[in-house]
Amino acid sequence: MMSITWDAVLGRLAGHISEIMKSTVEVSDFVLPPKPELGDVALGCFRLAEAHGKNPAEIAEELAGALADFEGVAKAAAAGPYLNITFKLTEILPRLLKEAKENGDAFGQSDALGKQTILFEYANPNTHKEIHVGHLRNFILGASLVHLFRRAGSRVIPVSYINDVGTHVAKCLWLLVTKHGFDAKTFSSDDVDSLVDAVPLENHTAQYLGQVYGEATSAMEEDESVKDQVSFVHNALENHDPQWEALWQETRKWSMDELTEIFDELGVRIERQYFESECLDRSQEIVNQLEKDGIAKLSEGAVLIDMEEKKLGMMLLRKSDGSLLYAAKDLALAELKAQEYPEFTQSLVLVDERQSLAMRQLDEALKRIGYGKPYGYLGYELVTLPEGAMSSRKGNIITFQAFRDMVVEAAEAATRERHEKDWDEERISAAAKMLAAAGIKYAIVKQDPNKVIVFDIKKALSFEGDTGPYIQYAATRLGSILKKSGWSLGFQPELDFGGLQSDQERKLAVCIAQFADVVRRAAHEAKPSLVARWCLALAQEVNAFYRDVPVLDAPLELKEARLQLVLLARHALVCGLDLLGIPTPEEM
RNA sequence: GCGGCCAUAGCUCAGCUGGAUAGAGCGCUUCCCUGCGAAGGAAGAGGUCGGACGUUCAAAUCGUCCUGGUCGCACCA
């Protein structure tokens, strides 16, 4: 059975107080004091006072006296209506070491989410378009949530859904063909290979296709006749005309190859990749059936589900020209998921807030159809540029690769500056890669999901203060101490820690002890930002410890005990960063 | 017009289910490397928590209204 230190420590205290006061005090009643000097935890005695018909300050005073000798408590003091408690390090540290030893990399493990199986859909870009910094938030947030849900005891099945068909593909392929000297109307199977050859190999990418798509969009706005040509291509694609089908397959592969690389780089691991193209046929059938069943109706030539009485407007499924809208395909996807993963107890989709209405409509539609499972979504706000939203129409897209390259370059420059003499280029570039990953991911994940991120390139290139590299740096300093000690040691909870008397040592242990609770809350609220905050706080404690407490020069017994604390702190930081998808380098 | 989200230091943001003098980072001023890595640390200046009313012993936090911003709201995804 897993042991969670903070629960145990606070639980014991709460139990004791409950006994003294003859009324229940919960672990959750404890709060953090406004100033850390006051104590590790505090209890506001307002409720206890009410129950006893006394003044809160009186109760606090009374408890302070009663707890003075309680084992594990170093100090209990009343401050007005508050009871402030400081624990002995020996109450916390051995438990933490035991917890770390038992759980290993799964430090902070709990069963807070119960025995759920979450089917979690995220990372849903389109093919034939570039990946830009706007997508990054979804990918990084999603990957972190998968880790968090798992750490909180849930089984997670990560899936992704990619839109690989539709007008955006038609637009892109129309211009691709046209700009390489072919005529869309006469484009034939024999032309496919020569077209593919005509596109330079380095342009066999989603980035390039996205650029072509953007150009096609502008061309369409300027010239009405383009519209007809694009819908000609669109029809050809829907009819599976062999030459267009072949070109679609080829360019789709370009997109997917690039996407797979990006997923890999960002730690996006998908168990099942769904495509819109595989939902197409079934969604036609579903819409027909819904119409027959009276759930959907015909209105002005289009098929929709009326949700006005639920204040959800109209859910449009099929256009008057007969083509399907994304909402229809979502219904087929939901059905497909349920068939393939009948064991899931909760389905979640990570989408940007602009799609929240569509998600609520989907949920309502599934309810009306009789789909029995909870189908929800997690929303997050978008990433915008200082001058406004990013869009291919405005042509102000910052692609993922361009952004990543800028950060890596800055990271390399910063690393080279510090290791001009002692490191070779290979070593510099390896460290810089991790630094860049931390910079990018932390910046995105530290912000509360429902706040807009205004993309600031200057900030993204900074590695000081509240940044991923700052936290990596704290871990690296600890690692450096461990390395220099020359000892290879594991967690030793049985050691005597009585010699660790400084305030800073205790504060470090307390901060580590809060990890499991932070993870629980972060999973419950679907906010990796809480873990990011905790990582920052721990890194700050680590730096204070580093400043105040000598380790390697300490007398042997103290050194042994302090090395345990250093080992634990590093382990906790590594685990925290890992939940955010951020690697910890050995050196930087 | 209806609905979602947001509003806290010059800037970017934390502030958990109401509770003790509202906290970080950046920027600014001044310091600290012969010291376990200065991507670090110390000190300082900087806030009528958008506004009003209400609930409460207690409101940045809860409720209502208002203002400002942003994103949605039938044939785009």
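Here is the naming used below: chain letters follow the sequence lines, and residue numbers restart at 1 for every chain.
Residue A:Gln447 is in sugar-phosphate contact alone, with no base atom involved, counting any heavy-atom pair closer than 4.0 Å across all strands shown. Among the atoms of the strands shown, base atoms are found under 4.0 Å from some heavy atom of A:Ser320. Residue A:Met315 is out of contact with every strand shown, counting any heavy-atom pair closer than 4.0 Å. A:Asp321 comes within contact range of no nucleotide atom at all, as no heavy-atom separation falls under 4.0 Å. Residue A:Asp553 is out of contact with every strand shown, counting any heavy-atom pair closer than 4.0 Å. Among the atoms of the strands shown, base atoms are found under 4.0 Å from some heavy atom of A:Ala42.
In this structure, A:Lys446 atom NZ and B:rA24 atom C1' are separated by 9 Å, rounded to whole Å. As a whole-Å value, the separation of A:Ile453 CD1 from B:rC13 P is 8 Å. Here B:rG37 presents its P atom at 17 Å from CD of A:Gln472, a figure rounded to the nearest Å. Between A:Lys451 atom NZ and B:rU70 atom P there is a gap of 17 Å when expressed in whole angstrom units. Note: CG (A:Asn138) to P (B:rA77) measures 19 Å, nearest angstrom. The distance between atom NZ of A:Lys171 and atom C1' of B:rC76, rounded to the nearest whole Å, is 8 Å. To the nearest angstrom, C1' of B:rC16 lies 14 Å from CG of A:Asp29. With rounding to whole Å, A:Arg533 atom CZ is found 9 Å from B:rG15 atom C1'.
Of the listed nucleotides (B:rA77, B:rG25, B:rA20), B:rA77 has the atom at the smallest distance from the side chain of A:Thr167. Relative to the side chain of A:Arg354, the nucleotides B:rC71, B:rA74, B:rA38 differ in distance, and B:rC71 lies closest. With B:rG4, B:rA77, B:rA39 as the candidates, the nucleotide lying closest to the side chain of A:Glu381 is B:rG4. Each of B:rC16, B:rC36, B:rA39 was ranked by its minimum atom distance to the side chain of A:Val551; first place goes to B:rC36.
Within residues 458-467 of chain A, the residues having any heavy atom closer than 4.0 Å to RNA chain B are, in order of number, A:Lys459, A:Phe463, A:Glu464, A:Gly465, A:Asp466.
Applying the 6.0 Å contact sphere to NZ of A:Lys75 captures no more than 12 heavy atoms from other residues, nucleotides or ligands.
For B:rG1, the paired base is B:rC73 (Watson-Crick or G-U wobble, both distances below 3.5 Å). Across all strands shown, B:rU64 pairs with B:rA52; the Watson-Crick or G-U wobble distances both stay below 3.5 Å. Applying the Watson-Crick and G-U wobble criteria (two distances, each under 3.5 Å), B:rA14 pairs with nothing in any strand.
A ring-centre distance under 6.0 Å is not found for A:Tyr161 and A:Phe275.
Nucleotides B:rA45 and B:rC53, compared at atom C1', are 36 Å apart to the nearest Å. Annotation: B:rC49 and B:rU61 have their P atoms spaced 10 Å apart (nearest Å). Of the C1' atoms belonging to B:rU12 and B:rC57, the separation is 37 Å, rounded to the nearest Å. Atom C1' of B:rG18 sits at a distance of 13 Å from the matching atom of B:rG63, rounded to the whole Å. Comparing B:rC13 with B:rA7, their P atoms sit 9 Å apart, to the nearest whole Å. Going from the P atom of B:rU8 to that of B:rA14 covers 11 Å, rounded to whole Å. Using C1' as the reference atom, B:rA77 and B:rC11 are 35 Å apart when rounded to the nearest Å. A distance of about 39 Å separates the C1' atoms of B:rG40 and B:rA59, rounded to the whole Å.
Here A:Tyr470 does not reach the OP1 or OP2 of B:rG37: none of its side-chain N or O atoms lies under 4.0 Å away. Between A:Ser480 and the phosphate of B:rG37, there is a side-chain N or O to OP1/OP2 separation shorter than 4.0 Å. An OP1 or OP2 oxygen of B:rA39 is reached within less than 4.0 angstrom by a side-chain nitrogen or oxygen of A:Arg418. Between A:Lys484 and B:rG37 there is a side-chain polar atom (N or O) within less than 4.0 angstrom of OP1 or OP2. Using a 4.0 Å cut-off, no side-chain N or O of A:Asn163 falls inside it from OP1 or OP2 of B:rA77. A sub-4.0 Å separation between OP1 or OP2 of B:rC6 and a side-chain N or O of A:Asn450 is present.
At a cut-off of 3.5 angstrom, the base of B:rA39 holds no donor-acceptor pair with the side chain of A:Tyr473. On a pure distance criterion of 3.5 Å, no polar donor-acceptor pair joins the side chain of A:Arg477 and the base of B:rC36. Residue-to-nucleotide contacts include a donor-acceptor pair under 3.5 Å from the side chain of A:Asn84 to the base of B:rA20.
Of the N and O atoms on the side chains of A:Ser277 and A:Asp164, at least one donor lies less than 3.5 Å from an acceptor on the other residue. A donor and an acceptor atom, one from each side chain of A:Asn543 and A:Tyr473, are nowhere located under 3.5 Å apart. Inspection of the A:Tyr380 and A:Asp352 side chains reveals no N or O donor paired with an N or O acceptor under 3.5 Å. For A:Glu412 and A:Thr415, the side-chain atoms include no donor-acceptor pair closer than 3.5 Å. Looking only at atom types and distance, the side chain of A:Tyr442 has a donor-acceptor partner in the side chain of A:Asp466 under 3.5 Å away.
Among A:Lys483, A:Arg477, A:Arg570, the one residue that satisfies the salt bridge (Lys or Arg N to Asp or Glu O under 4.0 Å) test with A:Glu586 is A:Arg570.
Its glycosidic angle being within 90° of 0, B:rC33 falls on the syn side.
Using bins of under 30°, 30° to 60° and over 60° for the plane-to-plane angle, the ring pair A:Phe515/A:Trp534 lands in the tilted bin.
Ranked by how close their nearest RNA chain B nucleotide is to the 5' end, A:Leu316 and A:Ala474 are led by A:Ala474. The 5' end of RNA chain B is approached more closely, in terms of each residue's nearest nucleotide, by A:Leu552 than by the other of A:Gly301 and A:Leu552.
Between the CG atom in A:Asn55 and the CD atom in A:Glu61 there is a gap of 10.5 Å [rounded to 0.5 Å]. From A:Ser529, atom OG reaches atom NZ of A:Lys451 across 10.0 Å, with rounding to the nearest 0.5 Å.
Minimum heavy-atom separation, A:Gln361 to A:Met314: NE2-O, 3.2 Å.
Electrostatic pairing of A:Arg562 and A:Glu505 counts as a salt bridge here, judged by a charged N lying under 4.0 Å from a carboxylate O.
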- Going 5' to 3' through nucleotides 56-61 of chain B, assign each nucleotide B (protein heavy atom under 4.0 Å from a base atom), S (under 4.0 Å only from sugar-phosphate atoms) or - (no protein heavy atom that close). ------
